[in-house]
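Scope of the values below: all heavy atoms of this structure, side chains included, with no hydrogens, waters or symmetry mates. In the text below, chain A, chain B and the rest are named by the order of the sequence lines, each starting its count at 1.
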Protein chains: 2
Amino acid sequence: MSPEPSDRHSQDTKTALLDAAEKLFAHSGIAQSSLRSITTGAKANLASVNYHFGSKEGLVRAVFARRLHPLNQQRLDLLARCARDDREIPDLQCLLRAFVEPAVTMISSDDTGDREFAKLLGRMLFEPSNDLRALIMDEFREVSEQFTAELSRVFPAASQQEIVWRFHFMVGSLAHTVAGRYMISHRLECLQLTEDEDVETLINRLVGFLQTGWLGIEGEAMP
Amino acid sequence: MSPEPSDRHSQDTKTALLDAAEKLFAHSGIAQSSLRSITTGAKANLASVNYHFGSKEGLVRAVFARRLHPLNQQRLDLLARCARDDREIPDLQCLLRAFVEPAVTMISSDDTGDREFAKLLGRMLFEPSNDLRALIMDEFREVSEQFTAELSRVFPAASQQEIVWRFHFMVGSLAHTVAGRYMISHRLECLQLTEDEDVETLINRLVGFLQTGWLGIEGEAMP
DNA sequence: GTCTATAGGTGGATAGAC
DNA sequence: GTCTATCCACCTATAGAC
């Protein structure tokens, strides 16, 4: 476990605060998580958040920035590997996997923090705070631009609007899959099914759904 | 406009409170909307919420119950019209439209309340409150069961898991489309595109995407 | 049913000792 | 850097006059 507060370094406290906040945000929401509950969870004192992050909002920003940057970088790395060079058009399935896999993998990661953050991934799309939204958009911009650009190359006949909207639909499916699991659990309960699936199966299901969804783009959307 | 508080009936105040709460919830989130701001917006006194709804949570429940019931009823009505009788298997496109259309239509409804509530539709899937989640699930259960049952008839070779997961993906796409519009707006801005589309086009785009997505279900998900 | 006043509690932030 | 004590703004809920 983490060292006792008395013999902890600055970095330890900062990380403990981030971890505790992340967990509470995932479980109860941001607004409902008080600095008191966060500092108690981190075994730090009440003033530590303001010392290390300036304010509660600063802490919120730090919580999201910490995980979003690696997540989106991973997506870009995987996308880059879908084509041997810049001239080659990437494979659709490889592209969709590059977008989806890093996020879905988080829900059963070895890292507790990743698992907690996964629950936040869906909710963050609907957060009302302008400040937080701006940060999320900043972190997401590069991914959004590179993936839509590559999708345009895969489907040269499709309009920009069509590409962007389908990308939007895809983001929604992914978010609900990663963070809205309680809903599917409910349904599976009703259907008397056990949830014995692994992440790989889930990724395959989602990529399969999205892939055929995208393949309908070239012809008329509605027959 | 609504009548002045002094010459208003009980029902008027109740409705004014629901409208004001709905608008504030959509704009700032539930936790961030205080009873003070709600009652001020409704031109009612601070105590009125507790008088009419018992508590803030009672008001929250009422806000969601008011719109969710008609929305889901509309979905069921449209689904019922997709097949001439119980023996006939419904048309896939008709079924998907029945699920999607009532929600998407809300975003440009003539009723201001519908438009405000549409912004809440996505966020509600990730609300941490157990009480609210239970209400949402209760209202959604019938829709969820009937649509997945019909989808099983459309795709008899598909497993229950596959049906329920794809239904889950679909809910995510719809939620993000209806409530997460700020994100697509951002992208459209970046692409220098104007958002001059009407709702009908949007519904067609979404149904087109979902329809081809579902059509991939019979064969192997991954080739 | 409406409204004012207020109780009773919790929130984020900070001053200042160590 | 850490921690305690405290400020004060704001919250929900309620009591009681009208």
Side-chain angles (χ1 to χ4, degrees), chain A residues 1-25 27-64 127-132 135, chain B residues 1-25 27-64 127-132 135:
Chain A
M1 298 303 288
S2 59
E4 284 306 298
S6 49
D7 50 274
R8 240 177 7 192
H9 296 98
S10 167
Q11 207 53 37
D12 293 332
T13 303
K14 237 176 143 168
T15 306
L17 287 170
L18 287 170
D19 291 342
E22 185 169 64
K23 192 169 183 172
L24 279 162
F25 291 169
H27 186 265
S28 318
I30 298 173
Q32 291 86 346
S33 304
S34 67
L35 292 186
R36 287 178 162 81
S37 61
I38 293 166
T39 49
T40 302
K43 290 177 187 162
N45 67 83
L46 180 56
S48 57
V49 167
N50 280 285
Y51 178 80
H52 286 285
F53 301 98
S55 65
K56 183 182 178 179
E57 198 171 78
L59 172 63
V60 173
R61 263 198 303 271
V63 165
F64 280 87
E127 277 298 327
S129 154
N130 289 326
D131 192 78
L132 180 52
L135 177 131
Chain B
M1 297 299 289
S2 59
E4 284 306 299
S6 48
D7 51 276
R8 240 176 10 192
H9 296 98
S10 167
Q11 205 54 37
D12 293 332
T13 303
K14 235 175 145 170
T15 307
L17 287 170
L18 287 170
D19 291 342
E22 186 170 62
K23 191 170 183 172
L24 278 162
F25 291 169
H27 185 264
S28 318
I30 297 173
Q32 290 86 350
S33 303
S34 67
L35 292 186
R36 287 170 207 285
S37 61
I38 293 166
T39 49
T40 302
K43 291 177 187 163
N45 69 82
L46 180 56
S48 57
V49 167
N50 281 285
Y51 178 78
H52 287 285
F53 301 98
S55 66
K56 182 182 179 179
E57 197 171 79
L59 173 62
V60 172
R61 264 198 304 269
V63 164
F64 280 87
E127 278 298 327
S129 154
N130 289 325
D131 191 77
L132 180 53
L135 178 129

Measure from [atom1] on [X] to [atom2] on [N] and round the result to the nearest Å.
X	N	atom1	atom2	value
A/N45	C/dG12	CG	C1'	14 Å
B/Y51	C/dG1	OH	P	4 Å
B/H52	D/dA13	NE2	P	15 Å
B/E57	D/dA13	CD	P	9 Å
A/F53	C/dG12	CZ	P	15 Å
B/K56	C/dT10	NZ	C1'	13 Å

Mind listing the residues from residues 32-39 of chain B sitting with a heavy atom below 4.0 Å of DNA chain D? Number order is fine.
->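 Heavy-atom contacts with DNA chain D come from B/S33, B/S34, B/L35, B/R36.
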Identify, with sequence neighbours excluded, every residue that meets side chain to side chain contact (heavy atoms under 4.5 Å, CB included) alongside B/T40.
->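 With sequence neighbours excluded, B/T40 shows a side chain to side chain contact (heavy atoms under 4.5 Å, CB included) to no residue whatsoever.
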Under the side chain to side chain contact (heavy atoms under 4.5 Å, CB included) test, residues paired with B/T39 that sit two or more places apart |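 Checked B/T39 against side chain to side chain contact (heavy atoms under 4.5 Å, CB included); matches are B/L17, B/L46, B/S48, B/V49.
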Ring-face cation of B/K14 near B/Y51 (centre distance under 6.0 Å, axis angle within 45°) |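 No, cation not above the ring by the 6.0 Å, 45° rule.
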Protein-nucleotides 14-18 of chain C N/O pairs closer than 3.5 Å?
none

Nearest-0.5 Å distance, CD of residue B/Q11 to NE2 of residue B/H52 |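 Here the rounded value is 9.0 Å.
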Nearest-0.5 Å distance, CG of residue A/L24 to CG of residue A/D19 |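 Between atom CG of A/L24 and atom CG of A/D19 there are 11.0 Å.
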Under the ring pair (Phe, Tyr, Trp, His ring centres under 6.0 Å) test, which residues partner A/F64, sequence neighbours left out?
->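 Expected list: A/F117.
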Of all residues at least two apart in sequence or in a different chain, which pass the side chain to side chain donor-acceptor pair (under 3.5 Å) check with A/S28?
->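 For A/S28, no residue satisfies side chain to side chain donor-acceptor pair (under 3.5 Å) once neighbours in sequence are set aside.
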Decide yes or no on side-chain contact (heavy atoms from CB on, under 4.5 Å) for B/E57 and B/R61, but give the supporting numbers first.
-> CA-CA 6 Å; B/E57 197 171 79; B/R61 264 198 304 269; 3.7 Å; yes
Would one find a side-chain N or O of A/S55 under 4.0 angstrom from OP1 or OP2 of C/dG12?
->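 False: A/S55 side-chain N/O out of range (4.0 Å or more) of C/dG12 OP1/OP2.
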